[in-house]
Enquirer: 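The structure follows.
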Amino acid sequence: MSGYRLRKNAWLAVSYVLLILIAVFTIYPALWIVLSSFRAGTSLFSETLIPEKWTVLHYKELFEQFQFGRWYMNSLKISIITMVLSVFFQLLTGYAFSRFRFKSRKSIMSGLFIIGLFPSFLSLTAVYVLLLNMKLLNTHTALIMVSSAGAAVGYLLVKGYFDTIPKSLEEAAIIDGASNWGVFVRILLPLSRPLVVYMAVTSFAGTFSEFIFAQTVLRTEAKQTLAVGLFNMVNTQTSTQFTVFAAGSVLVSIPVVVIFIIFQRLLVEGLTAGADKG
């Protein structure tokens, strides 16, 4: 018994050490960026973690020397609209595959699953040509369309969650005169709140920080998003705005961090929502 307790305590100690190391490697880079945004000068390099001279000038320079406010509003607009459309498409797709039986259902599900295995940037050239022919380059509409159009590929989590909801609830509502749309809105959606929050937050965070496609499509500075604007800020060899870049990175992280903190409990529930098959 004493040997078992000794092994258990040893494993517990090793677990705590590993968690501490993971926390250090995770927190230290973020802490360095935050403190660098308040460091006087333009270099991120410093012999000390804590700045010797503190300043908030870099945050002021973001709005005076660059179109940071416009970039911020562009990113918020694109992310919010994409979030709403993506969640809507995923919910409808998952509901259709979960509750309806139709021809080629399994083939379509398998096809969407296989498509989702490929990284999205593989189709970047084809999408670029399509947008060029549609005259949608350098528009936010292009980003919203492309980002939300592929949302249905993530139907699997929604379908798994809807499968766990008893069909007797829907049958009772249909007997009372509810339509399929009424069942979806009044019964399934309220019961799927953790899942909806999870999809909304992950969709918002992913779109808010998206870079590759935005860099390809957006041309003018006024149309740029935060990721593209901050990248171009330090992209040239003569750029020395690294502490200003750090200040911009801190401001970029605020919406995502706040959202994750507020919806932390629902996010955990939504992450495991479709894990059990009903």
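Keep in mind the model is a prediction, meaning the values are calculated, not measured. Position 1 is the first residue of the sequence, and the numbers go up from there.
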Enquirer: Tell me, with the steps shown, if L62 and M233 meet side chain to side chain contact (heavy atoms under 4.5 Å, CB included).
Expert: CA-CA 10 Å; L62 274 175; M233 183 189 301; 3.9 Å; yes
Enquirer: Judged by atom type as modelled, is there a donor-acceptor pair below 3.5 Å linking the side chain of N138 to the main-chain atoms of T220?
Expert: yes
Enquirer: Could you tell me which residues satisfy ring-ring contact (aromatic ring centres under 6.0 Å, His included) with F260, sequence neighbours excluded, listed by chain and number?
Expert: none
Enquirer: Would you find a donor on one side and an acceptor on the other, under 3.5 Å apart, between the side chain of H140 and the backbone of T225?
Expert: no
Enquirer: Atom OG1 of T139 and atom CG of L218: how far apart are they, to the nearest 0.5 Å?
Expert: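 Spacing of OG1 (T139) from CG (L218) equals 8.0 Å.
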Enquirer: Let me check something: any side-chain donor-acceptor pairs from residues 178-194 under 3.5 Å, sequence neighbours excluded? List them with distances.
Expert:
residue : atom : partner : partner atom : Å
S179    : OG   : G182    : N            : 3.2
S192    : OG   : L188    : O            : 2.6

Enquirer: Tell me, with the steps shown, if L76 and F204 meet side chain to side chain contact (heavy atoms under 4.5 Å, CB included).
Expert: CA-CA 9 Å; L76 285 176; F204 178 87; 4.0 Å; yes
Enquirer: Once you round to the nearest 0.5 Å, how far does NZ of K223 lie from CG of N74?
Expert: 7.5 Å
Enquirer: Looking at every non-hydrogen atom in both residues, tell me the closest pair between A151 and F89 and how far apart they are.
Expert: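 For A151 versus F89, the nearest heavy atoms are CB-CB, 4.4 Å.
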Enquirer: Working to the nearest 0.5 angstrom, can you tell me the gap between M83 CE and F208 CZ?
Expert: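 Answer rounded to 0.5 Å: 12.0 Å.
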Enquirer: Listed by chain and number, what are the ring-ring contact (aromatic ring centres under 6.0 Å, His included) partners of F68, not counting sequence neighbours?
Expert: F63, Y72
Enquirer: Would you say the side chain of L226 lies within less than 4.5 Å of the side chain of F211, judging by non-hydrogen atoms?
Expert: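 Sidechains of L226 and F211: no contact.
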Enquirer: Linking I/L/V/M/F/W/Y whenever their side-chain heavy atoms sit closer than 4.5 Å, directly or via other members, would V244 and L57 fall into one cluster?
Expert: no
Enquirer: Please check if V34 and V257 belong to a single hydrophobic cluster, counting links between Ile, Leu, Val, Met, Phe, Trp and Tyr side chain heavy atoms closer than 4.5 Å.
Expert: no
Enquirer: Sequence neighbours left out, what passes salt bridge (Lys or Arg N to Asp or Glu O under 4.0 Å) with K60? Give chain and number order.
Expert: E64
Enquirer: How many angstroms lie between OG in S37 and CH2 in W32, if you round to the nearest 0.5 Å?
Expert: 12.5 Å
Enquirer: Over all heavy atoms of both residues, which pair between E210 and A227 is shortest? Give the atoms and the distance, please.
Expert: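 That closest heavy-atom pairing would be O-CB, 3.5 Å.
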Enquirer: If every non-hydrogen atom of T216 is compared with every non-hydrogen atom of I212, which pair is closest and at what distance?
Expert: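 Result for this residue pair: OG1-O, 2.9 Å.
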Enquirer: Linking I/L/V/M/F/W/Y whenever their side-chain heavy atoms sit closer than 4.5 Å, directly or via other members, would I261 and V250 fall into one cluster?
Expert: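 Result: no, two separate clusters.
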Enquirer: When you measure from the side chain of N232 to the backbone N and O of V228, does any donor-acceptor pair fall under 3.5 Å?
Expert: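 Yes.
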Enquirer: Are there over 12 heavy-atom neighbours, none belonging to F102, within less than 6.0 Å of that residue's CZ?
Expert: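 Atom CZ in F102 is crowded, with more than 12 foreign heavy atoms closer than 6.0 Å.
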Enquirer: Got a donor-acceptor contact below 3.5 angstrom from the S98 side chain to the Y95 backbone?
Expert: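 Side chain of S98 to backbone of Y95: no pair is present.
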Enquirer: Has the side chain of S203 got a donor or acceptor atom that lies under 3.5 Å from a matching backbone atom of S86?
Expert: no
Enquirer: Applying a strict under-4.5 Å side-chain criterion to I, L, V, M, F, W and Y, I'd like to know whether V258 and L251 cluster together.
Expert: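 V258 and L251: one cluster.
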Enquirer: Please check this pair: side chain of W54 against backbone of L35, looking for a donor-acceptor N/O pair closer than 3.5 Å.
Expert: no
Enquirer: Can I get a per-line list of side-chain donor-acceptor pairs under 3.5 Å for residues 19-31, giving both atom names and the distance, sequence neighbours left out?
Expert:
residue : atom : partner : partner atom : Å
T26     : OG1  : I22     : O            : 2.7

Enquirer: Taking the six-membered ring where the residue is Trp, are the ring centres of F213 and Y128 under 6.0 Å apart?
Expert: no
Enquirer: Any salt bridge (Lys or Arg N to Asp or Glu O under 4.0 Å) involving residues 96-118? Give me the pairs, sequence neighbours left out, ordered by first then second residue.
Expert: R99-E170
Enquirer: Working note: F38 + V56, criterion side chain to side chain contact (heavy atoms under 4.5 Å, CB included); need CA distance, chi angles, decisive distance, verdict.
Expert: CA-CA 6 Å; F38 295 101; V56 294; 4.1 Å; yes
Enquirer: Hey, any chance I262 and I254 share a hydrophobic cluster, counting ILVMFWY side chains that come within less than 4.5 Å of each other, even indirectly?
Expert: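 Cluster IDs for I262 and I254 match.
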Enquirer: Could you give me the CA-CA distance, side-chain angles and deciding distance for Y198 and F263, then say whether ring pair (Phe, Tyr, Trp, His ring centres under 6.0 Å) is met?
Expert: CA-CA 8 Å; Y198 169 76; F263 297 106; over 10 Å; no
Enquirer: Could you walk me through whether L156 and F97 pass side chain to side chain contact (heavy atoms under 4.5 Å, CB included), step by step?
Expert: CA-CA 9 Å; L156 196 58; F97 285 131; over 6 Å; no
Enquirer: Mind listing the closest non-hydrogen atom pair of A222 and R70 along with its distance?
Expert: O-CD, 3.1 Å
Enquirer: Within the side chain of T202, is there an N or O that forms a donor-acceptor pair under 3.5 Å with the backbone of M199?
Expert: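 Yes; judged by distance alone, with no hydrogens or angles, the pair exists.
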Enquirer: Looking only at heavy atoms, what is the nearest atom pair of G94 and V158, with distance?
Expert: CA-CG1, 3.8 Å
Enquirer: Once you round to the nearest 0.5 Å, how far does OG of S209 lie from CG of L230?
Expert: 12.0 Å
Enquirer: Can you see which heavy atom on F245 is nearest to which on F231, and at what distance?
Expert: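 Smallest heavy-atom distance, with atoms named: CE1-N, 4.4 Å.
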Enquirer: Which distance, rounded to the nearest 0.5 Å, do you find between the NZ of K77 and the OG1 of T207?
Expert: 14.0 Å
